[in-house]
S.K.: 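Once you've had a glance at the structure underneath, I'll fire off some questions.
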Amino acid sequence: MTQFPVYLDHAATTPMRPEAYTAVTEHLLEVGNASSLHAPGRRARRVVEESREAVAAILGVRAGDVVFTSGGTEADNLAVLGLYRARRAEDQRRTRVLATAIEHHAVLDPVERLGEHEGADVRWLPVDGCGRLDLDALKSELAAAPETVALVTVMWANNEVGTIQPVAEVAALCAEYDVPLHSDAVQAVGTLPVDASTVDSLALSGHKLGGPVGVGALVVRRGLSPQPIVFGGGQERDLRSGTLDVPGVAGLAAALLASMGDLEVRAHHLRTLRDRLVAEVVESVEGVTRNGDPDDGLPGIAHLSFAGCEGDALLLLLDAAGIAVSRGSACSAGVPQPSHVLLAMGVEPLAARGSLRISLGHTSTGDDVDRLVEALPPAVARARRAGTGR
Amino acid sequence: MKVVAALSGGVDSAVAAARAVDAGHEVVGVHLALARDRAQERTGSRGCCTVEDARDARRVADVLGIPFYVWDLSERFAEDVVEDFVSEYAAGRTPNPCLRCNERIKFSAVLDRALALGFGAVCTGHYARLVEGPDGRELHRAVDDGKDQSYVLAVLDADQLAGSMFPLGGSTKDEVRAEARRRGLLVADKPDSHDICFIPDGDTAGWLRDRLGSAPGDVVDAVSGETLGTHEGAFAFTVGQRRGLHVGRPAEDGGRRYVVGVDVGSATVLVGPPVLLEVDRIEGERARWCGPAPAGPVEVDVQVRAHGERIPGVLERDGAAVRVMTRERVRGVAPGQAVVAYAGTRVLGSATIARTSRA
């Protein structure tokens, strides 16, 4: 008997919420460019603005602070590249970028690019063994020469191990030294209560919270004008050009609204499932290490290392058993690299290779956990026979 | 059976995987990442395992409806194939890295991993046939003699052959391309790979110079003992080579000169007329047998380079060493290449050429 596939990779993308599906499909066949002055254009505009207001209200900011983008990656790129360039143009001394060593590639890569091509002096901020930012390191970097800092970027919660970052403390430090703070909150929004007014700029993504793929937003407080990275018609406060994706924006707002409706209940449900999953796996398999912060992490993420085997082999065997999990973060060519997040946390490269990210979400059930717990021990035994290949 | 189909991103491995699926096997596609720093795109027929190849391989798996994974074997490949390649050249020999890769990577590291994970075989797009014989599985030449790849598989022992699957051995390349087109595989018209996959620009001498440094020496006439010129490193020369000698003067008889010997110790490249290339005794070491090793002298046909002709002779084995006496003289036998012995279409085994001589 073939069983239903078990989807435990919600941190990669999560099923669309029915509310979002309804909102997207409702507008898909409607004509109207939100920038047009005629009636169809006005209708489209209204959908966009109502969506903007809904997003802003949920995140605790003003509607004018919300800039819709093509997704989380574009939002992060706009914040990092745009803020650096704008701040540097105002004052040439601002060359330093302070970023945690565990940022997502959507932040990591533009920061590295600034270092390689635009004279940025990049300081990677260390994290502890749980993957939490070392606040003292941030403080000493800030205190050393605050006038030379272009921006600080600290993710809200890590996409691989789930550790929640001390954003409020970081924000207080940045305010003290009058330096803008960007936060990649792609994994947090829709799962944690996020007050975007805590930070100066914040990125979110539609499909991570049950909305459509291809839409996201950068919340950027007024008075802070990152230089655009996409040029054209000047839609979205002249910060971001491109015809607005009306169904996408409506879907994003509907998904966010829906996720607020069950935020606490869902977090409790996910935490209960996740904790049971971890406990049962640790009991049935030897040599398992849990990565991340067991007490202050995203409720749906379990990041586990299995000594003596390759995560790739485990993924293959679980996939064959109809269970979808992840190595951590996807890579375009599919070539696994040891995770920079785990390495920054001090995990040995070999142990990092033997790890899996299991992420639950709004459709996860106890049956999913049972199926994984059942399939994992034989898969680990087999993957251990295949060894680490070194 | 559960089968790992190695998908390079080319047409042969794609059709091989498709045939394994048709045969009722439970097939999983695996692309091997062998290079550490992978080029983004292919340049013509050169190189392989670029990011573009990985994408092509993934599309093949999509079309066939099979799972697809990338296995990173770059460390093993660097150690077992690339380092060996460099040290062989440094020692004045001319290695064939494809044999080494088949012996150590595809039908060792990959096969071992596949077996441990519960698979029964590794399927590749090599043109060779596996035949069940009285003494176990036999490796045979492909039906398409022009495309035959049994030479580079002649390092596989009985255990390795037992875990191998070569679905293309009974077909010609044209048939395989036509089948790829019929199956809607977009790689149907992709050019064949040539040259050495980890030297994408094809400049082996330059690649070796980067790693071994320049080691200048003399080009010496093997007949007269006269120094004819200089070179940047003896490792760039292979016995039988004619081009790139840069000796200004023609030979006294007006004939062409060839590399007839390479002595890395004294950095000397010996050149001479083609007659000096003719040998009829080949001594090999590190013999590998594709089944039972021959007990006494056997009548064989030998092939001394990929796609070379087969020459009849007698093979004698002495432990891991072999000696072949050919019935006619053969030219351009380069130490480091493999001498592969056939009985008819069947591959008996191979050895690395150590020395050659003339009776």
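Lettering follows sequence order; numbering is per chain, from 1. The structure displayed is predicted, hence computed values, not measured ones.
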S.K.: Is a donor on one side and an acceptor on the other found under 3.5 Å between the side chain of B/Arg177 and the backbone of B/Lys190?
M.R.: yes
S.K.: What pairs with A/Ser70 under side chain to side chain donor-acceptor pair (under 3.5 Å), at least two apart in sequence or on another chain?
M.R.: A/Glu74
S.K.: Taking only heavy atoms into account, what residues of residues 111-127 of chain B are found under 4.5 Å from chain A?
M.R.: B/Arg113, B/Ala116, B/Leu117, B/Gly118, B/Phe119
S.K.: For each of A/Leu317, A/Leu316, A/Asp319, tally heavy-atom pairs with chain B at distances under 4.5 Å, and name the one with the top tally.
M.R.: A/Leu316
S.K.: With a 3.5 Å distance limit and no angle check, can you tell me whether A/Ser326 reaches the backbone of A/Asp9 through a side-chain donor-acceptor pair?
M.R.: no
S.K.: When you measure from the side chain of B/Asp84 to the backbone N and O of B/Asp80, does any donor-acceptor pair fall under 3.5 Å?
M.R.: no
S.K.: Suppose we screen for salt bridge (Lys or Arg N to Asp or Glu O under 4.0 Å). Which residues come up paired with B/Lys173, at least two apart in sequence or across chains?
M.R.: B/Asp12, B/Asp192
S.K.: Identify, with sequence neighbours excluded, every residue that meets side chain to side chain donor-acceptor pair (under 3.5 Å) alongside B/Asp189.
M.R.: B/Arg181
